[in-house]
Amino acid sequence: MPELPEVETLRRGLATTLVGRRVTAVTVHERRLRRRVASSFEAALLGRRIEAIRRRAKYLLLDLDDGAVWLVHFGMSGTLVVLPATAPRRVHTHVVVAFDDGRTLHFHDPRRFGLMRVGRAAALSELDALGVEPLEESFSASFLHATAHRQRRAVKSLLMDQRLVVGIGNIYASEILFAAGVRPSRRTSRLSRADAARIVAATSAVLAEALAARGSSISDYRDERGEPGAFQKRFRVYERAGAPCARCGVVIRRTVIVGRSAFYCPRCQR
DNA sequence: ATATGCACCTGTGTGC
DNA sequence: TGCACACAGGTGCATA
């Protein structure tokens, strides 16, 4: 579910309520997530204080006062919501963590593609092979062009490859390529330096706009207060197959690239 | 080494 | 109404 704008929105919201709070209870109702929740999970969290909350790629990292990190990934359908201690858990609420101010954090994930574990930062292998952050300067036109030039796959698959650049998933890949005027099926080997520059500029513009809208809510995504984002109202191409392009009026198309839907305007994107 | 396919899950919408 | 099927904000492992 969440891509960078959704995870970052959650990070900001959770930071204001959870930093400084101490864990008073941990209940795991279902251990079968993408990886089995370790039997040591509860003990690793119990009694710890949250010192900071960071984001890397689509992962949330909660720094604990003993130096360990509580790592969360949301898969396709995961959410984290802050609720009163009395709130009932839902069918797919798999983990409930209580804090010393009486609030609880519910991890809800119907499809169970999410991840929840605690470990030393250096031992969290999920973070090892991640690429550059798309809103940092290291994601530059020269970097993208050089990387793209060495490969010949569809550019959309490159933008979604977390080993190169992180945080961009299926929604934002289509939206970024529309903003850049590049067709998602374009071979990376045929990207010009100017194309790369437009993709980098479009990436920061689209992600910034999505962050300002507090992310996209199609079905599952909610922020830490249970509120949906608003960027789905501003989709230019995603899930708009058959509708007219807002820029030129031509009908938006859907195609499949590496097994995922891609949406584009056949006139605005070449 | 690099690129694709498929598996992991549940829920929802569509068409017969 | 029931059923089959396609599809959904992701990722990691097997396979070509």
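Sequence lines set the chain letters: A, B, ... in the order given, protein chains first and strands last, and positions in each chain run from 1.
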d([atom1], [X]; [atom2], [N]) in whole Å:
{"X": "A:Asp109", "N": "C:dT11", "atom1": "CG", "atom2": "C1'", "result": "13 Å"}
{"X": "A:Arg112", "N": "C:dA8", "atom1": "CZ", "atom2": "P", "result": "21 Å"}
{"X": "A:Lys58", "N": "C:dT11", "atom1": "NZ", "atom2": "C1'", "result": "9 Å"}
{"X": "A:Leu71", "N": "C:dT11", "atom1": "CG", "atom2": "P", "result": "12 Å"}
{"X": "A:Met160", "N": "C:dT11", "atom1": "CE", "atom2": "P", "result": "8 Å"}
{"X": "A:Glu126", "N": "C:dG12", "atom1": "CD", "atom2": "P", "result": "7 Å"}
{"X": "A:Met76", "N": "C:dA8", "atom1": "CE", "atom2": "P", "result": "8 Å"}
{"X": "A:Leu164", "N": "C:dT11", "atom1": "CG", "atom2": "P", "result": "13 Å"}

Can you tell whether the side chains of A:Glu133 and A:Arg55 come within less than 4.0 Å, N to carboxylate O?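 Yes.
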
With rounding to the closest Å, how many angstrom separate the [atom1] atoms on [N] and [M]?
{"N": "B:dG11", "M": "C:dG12", "atom1": "C1'", "value": "23 Å"}
{"N": "C:dT11", "M": "B:dA1", "atom1": "P", "value": "23 Å"}
{"N": "B:dA7", "M": "C:dC5", "atom1": "P", "value": "15 Å"}

Does the gap between the ring centers of A:Phe231 and A:Tyr172 come in under 6.0 Å?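 Between A:Tyr172 and A:Phe231, which both carry aromatic rings, the centre distance is below 6.0 Å.
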
Would you indicate what [X] reaches in the nucleic acid, counting non-hydrogen atoms under 4.0 angstrom: base, sugar-phosphate, or nothing?
{"X": "A:Ser219", "result": "base"}
{"X": "A:Tyr59", "result": "sugar-phosphate"}
{"X": "A:Arg260", "result": "base"}
{"X": "A:Gly169", "result": "sugar-phosphate"}

Is it possible for you to say whether [X] and [Y] belong to one hydrophobic cluster, with membership spreading through side-chain heavy-atom contacts below 4.5 Å?
{"X": "A:Leu10", "Y": "A:Val19", "answer": "yes"}
{"X": "A:Leu115", "Y": "A:Leu62", "answer": "no"}
{"X": "A:Phe41", "Y": "A:Phe99", "answer": "yes"}
{"X": "A:Leu14", "Y": "A:Val96", "answer": "no"}

Checking A:His145 against A:Arg193: is there a side-chain donor and acceptor pair closer than 3.5 Å?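 The answer is no; no qualifying pair exists.
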
For B:dC9, the Watson-Crick or wobble counterpart (both distances under 3.5 Å):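 Partner of B:dC9: none found under 3.5 Å.
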
First and last nucleotide of DNA chain B touching chain A, 5' to 3', heavy-atom cut-off 4.0 Å?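 From 5' to 3', the first and last contacting nucleotides are B:dA3 to B:dG11.
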
I'd like to check, for A:Phe113, whether its ring lies over the base of C:dG10 with centroids under 5.5 Å apart and a plane angle smaller than 30°.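 So yes, this residue stacks on that base, both cut-offs being met.
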
Short side-chain N/O contact from A:His73 to OP1 or OP2 of C:dG10, under 4.0 Å: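 For C:dG10, OP1/OP2 do not have a side-chain N/O of A:His73 under 4.0 Å.
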
For A:Gln151, give me all partners under side-chain hydrogen bond (donor to acceptor under 3.5 Å, both in side chains), at least two apart in sequence or on another chain.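 With sequence neighbours excluded, A:Gln151 shows a side-chain hydrogen bond (donor to acceptor under 3.5 Å, both in side chains) to A:Arg153, given in chain and number order.
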
